[in-house]
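The block underneath contains the structure these notes are about, expressed in structure tokens.
Computed from heavy atoms alone, side chains included, the values below leave out hydrogens, waters and symmetry copies. Residue indices begin at 1 and follow the sequence shown.
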Amino acid sequence: MSKEFEIAREFEVDATPEQVWDAFTSGTGGWLWPMEAPEPREGGTGPSGSDVTVWDPPHRYTNRVENVEGISEQTLNQLDYTIEPRDEGRRAWVRYVHSGIFVDDWDNQYDGASKHTDFYLHTLRQYLTHFAGRPVTAFATFDGPEASKAPDAFAAVGRALGVTEDTPAGTRVTVQGADAVVDFRNPYFIGLRTDDALIRFFGRNHWGAPVGVSVHDFAPDADAKADETAWQGWLNGVFSRP
């Protein structure tokens with residue numbers, strides 16, 4: 001049965017309104033995934049075939065799409081971003097609202113979307129705080145094997161990273177030969193930050209899908225295929241161990 005949903009979040013961030021605006025409109029690869037920039041006008045074309053319904057830089061941006069392409073479970077999707085200056089423009093206050101209509105399995109979809117929103121917006125703040133002004137040079141995203149759908153799959157990922165559910169943010173770990181800081185940890189997601197990358201782990205097994213990984217790489221010589229090969233091999237290895 002179709003049912004409307006709304007997921008709203010408010011937060012402040014140590015970035016200027018212009019930096020936040022750029023992250024939402026042209027820098028999505030640094031914290032979410034690469035998307036085409038919206039046509040900069042009301043009535044223009046936005047990402048994924050959406051329509052730009054509000055365009056007021058750097059304060060307000062809204063896009064809306066019906067019959068979401070490739071997502072049969074959703075018939076309407078709207079993203080609304082409001083940005084206000086704080087501390088004479090040195091910081092920003094942000095209100096993010098994701099709304100629309102889910103067609104099927106509403107409770108599971110809403111739970112997944114709500115929890116993903118918190119993690120994505122945390123990644124946005126990490127990006128703005130640590131990588132603002134650095135273009136993402138490589139982005140990779142991929143899923144684990146079928147075995148990563150198991151109920152305990154994400155716990156196995158945490159053990160392989162040396163990150164328990166009690167590991168506090170700021171803890172340093174070594175993975176794939178690199179030093180990293182744990183910037184996020186809960187039962188559903190793990191975030192690692194290196195000097196040149198944000199590496200995100202998604203416990204989508206909680207919603208019946210495989211565990212996922214995304215790598216936002218800011219190193220000048222970064223290569224998306226190399227990142228995917230390395231981390232896909234690591235993830236597959238987690239689920240091939242006896």
- Item | Gap separating the CG atom of D111 from the NZ atom of K115, nearest 0.5 angstrom | 3.5 Å
- Item | Results of salt bridge (Lys or Arg N to Asp or Glu O under 4.0 Å) for D183 - residues two or more places apart only | R200
- With sequence neighbours left out, write down each residue that passes side-chain hydrogen bond (donor to acceptor under 3.5 Å, both in side chains) with Q176, or none if nothing qualifies. none
- Message: To check you understand the geometry: which heavy-atom pair defines the closest contact between P38 and V52, and what is its length?
- Response: CB-CG2, 3.9 Å
- Item | Pairs where residues 157-176 contributes a residue and the test ring-ring contact (aromatic ring centres under 6.0 Å, His included) is met, not counting sequence neighbours | none
- Does any non-hydrogen side-chain atom of V182 lie less than 4.5 Å from one of V173? yes
Distance-only check: which donor-acceptor pairs under 3.5 Å involve side-chain atoms of residues 134-143, not counting sequence neighbours?
from	atom 1	to	atom 2	distance (Å)
R134	NH1	D195	O	3.2
R134	NH2	D196	OD1	2.8
R134	NH2	F218	O	3.3
T137	OG1	D217	O	3.0
T137	OG1	A219	O	2.5
T141	OG1	V213	O	3.3
T141	OG1	S214	OG	2.9

- Query: Is a side-chain donor or acceptor of E39 paired with a backbone partner of T45 at a separation under 3.5 angstrom?
  - Reply: yes
- L235, V163, L192 screened by side chain to side chain contact (heavy atoms under 4.5 Å, CB included) with F201, the one that passes: L192
- Item | Passing candidate, side chain to side chain donor-acceptor pair (under 3.5 Å) with D14, options Q19, R90, R91, R86 | R91
- Query: Between the main-chain N or O of G29 and the side-chain N or O of H216, is there a donor-acceptor pair closer than 3.5 Å?
  - Reply: yes
- Item | ILVMFWY cluster membership beyond V181 - transitive side-chain contacts under 4.5 angstrom | none
- Item | Side chain to side chain, E6 and V97, heavy atoms closer than 4.5 Å | yes
- Query: So which heavy atom on I7 is nearest to which on S114, and how close?
  - Reply: CD1-N, 3.7 Å
- Using side chain to side chain contact (heavy atoms under 4.5 Å, CB included) as the criterion, point out the one residue from K3, Q78, E4 that pairs with I101. E4
- Message: Testing the basics here: between P47 and N63, what is the closest heavy-atom pair and its distance to 0.1 Å?
- Response: CD-ND2, 4.1 Å
- Query: Do any N or O atoms from the side chain of W31 and from the backbone of A23 form a donor-acceptor pair under 3.5 angstrom?
  - Reply: yes
- Task: Identify the heavy atoms of A113 and F102 that sit nearest to each other, and give their distance.
- Result: CB-CZ, 4.2 Å
- Query: Mind checking whether L32 and Y127 have side chains closer than 4.5 Å, heavy atoms only?
  - Reply: no
- Provide the closest heavy-atom pair for P210 versus P145 in the form atom of the first, atom of the second, distance. CB-O, 4.2 Å
- Cluster link L128 to F11, ILVMFWY, side chain under 4.5 Å: yes
- Message: Donor-acceptor check, side chain of S26 to backbone of D22, threshold 3.5 angstrom: yes or no?
- Response: yes
- Message: Please verify the inter-ring angle class for W234 with W231; under 30° counts as parallel, over 60° as perpendicular, anything in between as tilted.
- Response: perpendicular
- Message: Checking D118 against R9 for the side-chain contact (heavy atoms from CB on, under 4.5 Å) test, could you report, in this order, the C-alpha distance in whole Å, the side-chain angles of both residues, the deciding distance, and whether it holds?
- Response: CA-CA 8 Å; D118 291 330; R9 300 289 188 268; 2.5 Å; yes
- Test side-chain hydrogen bond (donor to acceptor under 3.5 Å, both in side chains) applied to N108 - qualifying residues, sequence neighbours left out: D105
- Message: Is there a path of hydrophobic side-chain contacts, each under 4.5 Å between heavy atoms, that joins Y110 and L79?
- Response: no
- Who passes side-chain hydrogen bond (donor to acceptor under 3.5 Å, both in side chains) against D179, sequence neighbours left out? T174
- Short question: side chain of S50, backbone of R64 - any donor-acceptor pair under 3.5 Å? no
- Message: Determine whether V13 and V20 satisfy the following criterion, side-chain contact (heavy atoms from CB on, under 4.5 Å), listing intermediate values before the conclusion.
- Response: CA-CA 9 Å; V13 61; V20 178; 3.8 Å; yes
- Item | Residues which pass side chain to side chain contact (heavy atoms under 4.5 Å, CB included) with E18, listed by chain and number, not counting sequence neighbours | T16, P58
- Donor-acceptor contact present, side-chain T28 to main-chain W33, <3.5 Å: yes
- Message: Taking side-chain hydrogen bond (donor to acceptor under 3.5 Å, both in side chains) as the definition, give me every residue that meets it alongside W21, ordered by chain and number, with sequence neighbours left out.
- Response: none
- If you look only at pairs with a residue in residues 152-165, which of them pass as a side chain to side chain donor-acceptor pair (under 3.5 Å), with sequence neighbours excluded? T164-T167
- List the steps and the verdict of side-chain contact (heavy atoms from CB on, under 4.5 Å) for D80 and R60. CA-CA 8 Å; D80 181 76; R60 183 88 183 276; 2.8 Å; yes
- Do you reckon I199 sits in the same ILVMFWY cluster as V211, going by side-chain contacts under 4.5 Å, direct or chained? yes
- Message: I'd like to know whether the aromatic ring centres of F119 and F184 sit less than 6.0 Å apart in this structure.
- Response: yes
- Compute whether any side-chain donor of one residue and acceptor of the other, for R193 and T129, lie under 3.5 angstrom apart. no
- Might you work through the side chain to side chain donor-acceptor pair (under 3.5 Å) test for H98 and N77, ending with a clear yes or no? CA-CA 7 Å; H98 180 196; N77 194 72; 2.5 Å; yes
- Query: Which residues satisfy the ring-ring contact (aromatic ring centres under 6.0 Å, His included) test with Y81, sequence neighbours excluded?
  - Reply: F24, Y61, Y96
- Message: Quick check: do L161 and V157 have side-chain heavy atoms less than 4.5 Å from each other?
- Response: yes
- Query: Would you say F131 and V94 are hydrophobically clustered, going by side-chain heavy atoms of ILVMFWY under 4.5 Å?
  - Reply: yes
- Non-neighbouring partners of H116 that pass ring-ring contact (aromatic ring centres under 6.0 Å, His included), sequence neighbours left out: Y120, F189, F202, W207
- Task: Using atom types as modelled and distance alone, determine if a side-chain donor or acceptor of D87 lies under 3.5 Å from a backbone N or O of G89.
- Result: no
